[in-house]
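The next block holds one structure in the form of structure tokens; read it before the comments.
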Amino acid sequence: MKTLGLLLAGLLCLAHPATAHDLQYAVSGANAVVVKLFFVDNAPFSFEGYEIYRAGEKLPYQVGRTDSQGRIAFLPDRAGNWRIKAISEDGHGLDFTLKTDAAAQVAAADKPAYERYGRIFVGIGVILGLFGFLSLYVKRNSP
Amino acid sequence: MHIPDGFIAPQLYLPLYGIAAGLWAHGAKRVARDLDETTLPWLASLTAASFALSFVALPLPGGTSAHVTGVGLLAASFGVWNAFMAASLVFAIQALLFGDGGVTTLPLNALAMGFAGALAARGLFLALRRFHTGLALFLAGWIGLFLPALLIALALGAQPLIAHDAVGAPLYFPFGWAVTLPALLIPHALLGLGEGALTVLGGGLIERLRRRYRHD
């Protein structure tokens, strides 16, 4: 009996290093920065790869894929600028920077100045305006 | 297909800027020489339409989406240089004002879609219009979308070879040709059918309106 007890104790001692490979998990709530990527028709940029870098660093802070809604969530560990690079296989993607504090409060993001419909009207206005100037030039030079 | 900043290495975009600058300078001279008061409103309208069309994304199999460009129609109706300059203007406005497509990738977008696409579309249209104008317009529209997709797939897929770190990790666009070629060519071969139909409709409309105003 004593021999059996010693044998069991020995086996337990041998098993101890194996616990290092036993994956555990803990759940907690935290504030995250959530970035949503979508096309101009509001279709989400789903399941595409992304990388997040701290300002000036070459090793990514986080890599992954967007979720089904085209979202990226990350928890900054410090205040500063964060570069987000998202790339799909067919060449769509974004490379932009946002500024946040360590509590994931976003201070600024370098987003485009106009939203979708505004862009179309502004763009058409700029094009027609440029052609208007060009027509004045053509008229002046015509015999 | 508007490639954003950060996808193309300077080893590629700097030489492309040199090539594009030369073509833009030559194109400006050609446009100034060839444009007159009758063609200018047409070109202005089609350039604005091309800009607006780029916001109409069509869903494609696989969950992605793509948009028509109108480059084939511009080239078939107004020639290569007018189409190239008009498309370049559209890409420049999109990149500089709205962040659609990058500033560093502007020459790739302009050369692939605006120049190569327009050149192929115009060539195919001129070669085939004596046989059948509708077919010539359709194929001009199709090639005007498909060829740029091929060139951009090649340029993107070359990035891991052109620019990588000491251990071989890509510094810019990470996927090679095995990924980029099917990812871009298959959707754009399908979308080219829509671009071809649009070119047939647009080309017919322009020709009818031109005839009408010529008679007025």
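Note: hydrogens, waters and symmetry copies are ignored here, and every other heavy atom, side chains too, is used. The structure displayed is predicted, hence computed values, not measured ones. First the proteins, then the strands, lettered A, B, ... as listed; each starts at 1.
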Q. Is it the side chain or the backbone of A:Tyr137 that comes within 4.5 Å of chain B heavy atoms, both, or neither?
A. side chain

**Q.** Check: A:Gln69 main-chain N/O paired with A:Ser46 side-chain donor or acceptor under 3.5 Å
**A.** no

**Q.** Polar side chain donor-acceptor pair, B:Ser77 to B:Trp42, under 3.5 angstrom
**A.** no

Q: Heavy-atom distances under 4.5 Å only: say whether B:Leu185 touches chain A with side chain, backbone, both or neither.
A: neither

Q) Looking at A:Phe96 versus A:Trp82, is the centre-to-centre ring distance below 6.0 Å? A) no

Q.
Under a 3.5 Å distance rule, please check whether A:Gln62 uses its side chain to pair with a backbone N or O of A:Glu51 as donor and acceptor.
A. no

Q. Highest number of heavy-atom pairs under 4.5 Å with chain B: which of A:Gly132, A:Gly123, A:Ser135?
A. A:Gly123

Q: Examine whether an atom of B:Leu35 lies under 4.5 Å from a heavy atom of chain A, and if so say whether it belongs to the side chain, the backbone or both; otherwise answer neither.
A: both

Q: Side chain from CB out, backbone as N, CA, C, O: work out which of these in B:Ile93 comes under 4.5 Å of a heavy atom of chain A, or both, or neither.
A: side chain

Q) Is it the backbone or the side chain of A:Ser88 that comes under 4.5 Å from a heavy atom of chain B, or both, or neither? A) backbone

Q. Parallel, tilted or perpendicular: which describes the rings of B:Tyr17 and B:Trp24, with under 30° parallel and over 60° perpendicular?
A. perpendicular

**Q.** Contacting region of A:Leu128 [heavy-atom separation from chain B under 4.5 Å]
**A.** side chain

Q.
If the condition is ring-ring contact (aromatic ring centres under 6.0 Å, His included), which residues does B:Phe173 pass it with, not counting sequence neighbours?
A. B:Phe7, B:Phe175

Q | Closest-packed option against chain A by number of heavy-atom pairs under 4.5 Å, given B:Leu43, B:Thr180, B:Asp36, B:Leu156 | A | B:Leu43

